[in-house]
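These notes concern the structure reproduced below.
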Amino acid sequence: MEGLGGDAAAPVAPLIKWKAEFSRAFQFYLDKSTSLPVHRWLGTLGVAAVYVLRVYYLEGFYIISYGLGIYILNLLIGFLSPKVDPELEALDGASLPTKDSDEFRPFIRRLPEFKFWYAITKAFIVAFLMTFFSLFDVPVFWPILLCYWIVLFALTMKRQIMHMIKYKYVPFNFGKQKYGGRKSPATATGGSPTHRG
């Protein structure tokens with residue numbers, strides 16, 4: 001009986017090894033892409049374009065697109081929201097800094113940019129794969145879904161913007177004051193440390 005169990009496990013071992021190697025290689029490239037946000041978002045834009053073209057040419061799968069739009073809207077709200085909600089913080093007795101002497105706390109997102117990108121990319125890939133199964137091609141009148149999504153987007157963004165105005169936070173870095181770090185003496189004088197005259 002033991003020999004029979006050992007023989008059954010033999011074909012599974014290479015599969016487990018391949019899965020571990022693939023997972024390790026995937027994580028390696030995912031980690032390397034962390035410092036390349038423009039390239040990552042361009043790749044996601046390419047994946048999104050392929051999905052949109054597929055839905056356009058098939059003239060179907062609108063319910064998948066609607067679900068994808070709702071999911072992306074949910075991710076966007078997480079991306080624009082602070083990690084600690086000021087409304088809940090005010091109930092606890094803590095509040096945002098109001099004076100110069102208060103402690104400075106930088107804006108920390110509930111959903112970091114990398115996770116936001118990764119979730120959107122996976123969502124487009126899953127939606128693209130779902131277009132290969134006719135089970136998901138539910139006949140719907142797509143203009144109604146589009147109008148409903150636009151109304152939902154407008155109401156959700158209005159609420160989010162009102163929240164930003166009320167608690168005075170901006171979830172983006174552009175337009176904010178940047179502080180320069182200390183320069184080394186060599187770079188301050190224009191020379192490099194190895195080529196001092």
Side-chain angles (χ1 to χ4, degrees), residues 19-58 61-62 64-86 96 104-132 145-146 149-165 167-184 186-188 190-194:
K19 183 181 174 189
E21 288 175 0
F22 175 78
S23 177
R24 192 173 22 249
F26 179 76
Q27 189 63 46
F28 173 77
Y29 288 112
L30 197 62
D31 291 343
K32 285 190 77 77
S33 73
T34 305
S35 62
L36 304 169
V38 174
H39 295 89
R40 284 189 282 117
W41 282 105
L42 286 175
T44 299
L45 191 63
V47 170
V50 168
Y51 171 76
V52 168
L53 287 173
R54 178 155 175 82
V55 169
Y56 177 76
Y57 285 120
L58 292 176
F61 298 98
Y62 300 121
I64 292 175
S65 299
Y66 177 72
L68 178 65
I70 295 293
Y71 180 69
I72 290 173
L73 180 60
N74 185 32
L75 291 173
L76 181 63
I77 293 302
F79 180 70
L80 297 176
S81 299
K83 187 173 186 177
V84 178
D85 192 356
L96 290 172
F104 168 74
R105 288 182 284 167
F107 181 80
I108 300 173
R109 300 177 190 283
R110 185 180 337 147
L111 183 65
E113 183 270 335
F114 183 81
K115 290 182 180 180
F116 178 59
W117 163 81
Y118 188 60
I120 285 179
T121 305
K122 281 195 311 186
F124 272 110
I125 291 171
V126 168
F128 177 76
L129 293 175
M130 289 173 77
T131 62
F132 288 99
L145 285 180
L146 180 62
W149 186 85
I150 289 171
V151 167
L152 187 65
F153 178 80
L155 292 175
T156 305
M157 293 315 313
K158 178 184 175 190
R159 187 179 57 120
Q160 185 67 32
I161 290 169
M162 295 305 289
H163 191 267
M164 288 180 199
I165 292 170
Y167 293 102
K168 298 179 176 108
Y169 67 89
V170 179
F172 304 108
N173 289 336
F174 55 87
K176 291 185 179 178
Q177 185 175 2
K178 294 183 181 178
Y179 300 96
R182 282 176 94 187
K183 293 184 176 182
S184 66
T187 55
S192 68
T194 55

Within the structure provided, determine whether [X] and [Y] are in side-chain contact (heavy-atom separation under 4.5 Å).
X	Y	result
F61	L68	no
L145	W149	no
H163	L80	no
S33	H39	no
F124	I72	yes
F128	V47	no
M162	R159	no

Nearest 0.5 angstrom please: [X] [atom1] to [Y] [atom2], how far?
X	Y	atom1	atom2	value
T131	Y57	OG1	OH	14.5 Å
I77	L73	CD1	CG	5.5 Å
L53	L58	CG	CG	10.5 Å
Y71	I120	OH	CD1	8.5 Å
I70	T156	CD1	OG1	8.0 Å
W117	K122	CH2	NZ	10.5 Å

>> For a ring pair (Phe, Tyr, Trp, His ring centres under 6.0 Å) check, start with the C-alpha distance between W41 and F116, then their side-chain angles and the critical distance, and finish with the verdict.
In response: CA-CA 11 Å; W41 282 105; F116 178 59; 5.6 Å; yes

>> Please enumerate all residues that pass ring pair (Phe, Tyr, Trp, His ring centres under 6.0 Å) together with Y118, with sequence neighbours excluded.
In response: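 Testing Y118 for ring pair (Phe, Tyr, Trp, His ring centres under 6.0 Å), a comparison that skips the adjacent residues, returns none.
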
> Any donor and acceptor pair, going by atom type alone, linking the side chain of R110 with main-chain N or O of G78 inside 3.5 Å?
Replying inline: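 Absent.
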
>> The test is side chain to side chain contact (heavy atoms under 4.5 Å, CB included); show your working for L111 and K83 and say whether it passes.
In response: CA-CA 8 Å; L111 183 65; K83 187 173 186 177; over 6 Å; no

> If you look only at pairs with a residue in residues 26-46, which of them pass as a salt bridge (charged side-chain N to carboxylate O under 4.0 Å, His left out), with sequence neighbours excluded?
Replying inline: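 The answer is R40-E113.
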
>> Other residues, nucleotides and ligands only: do more than 12 of their heavy atoms fall within 6.0 Å of CZ on F132?
In response: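 Yes, CZ of F132 has more than 12 neighbouring heavy atoms, counting only those of other groups under 6.0 Å.
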
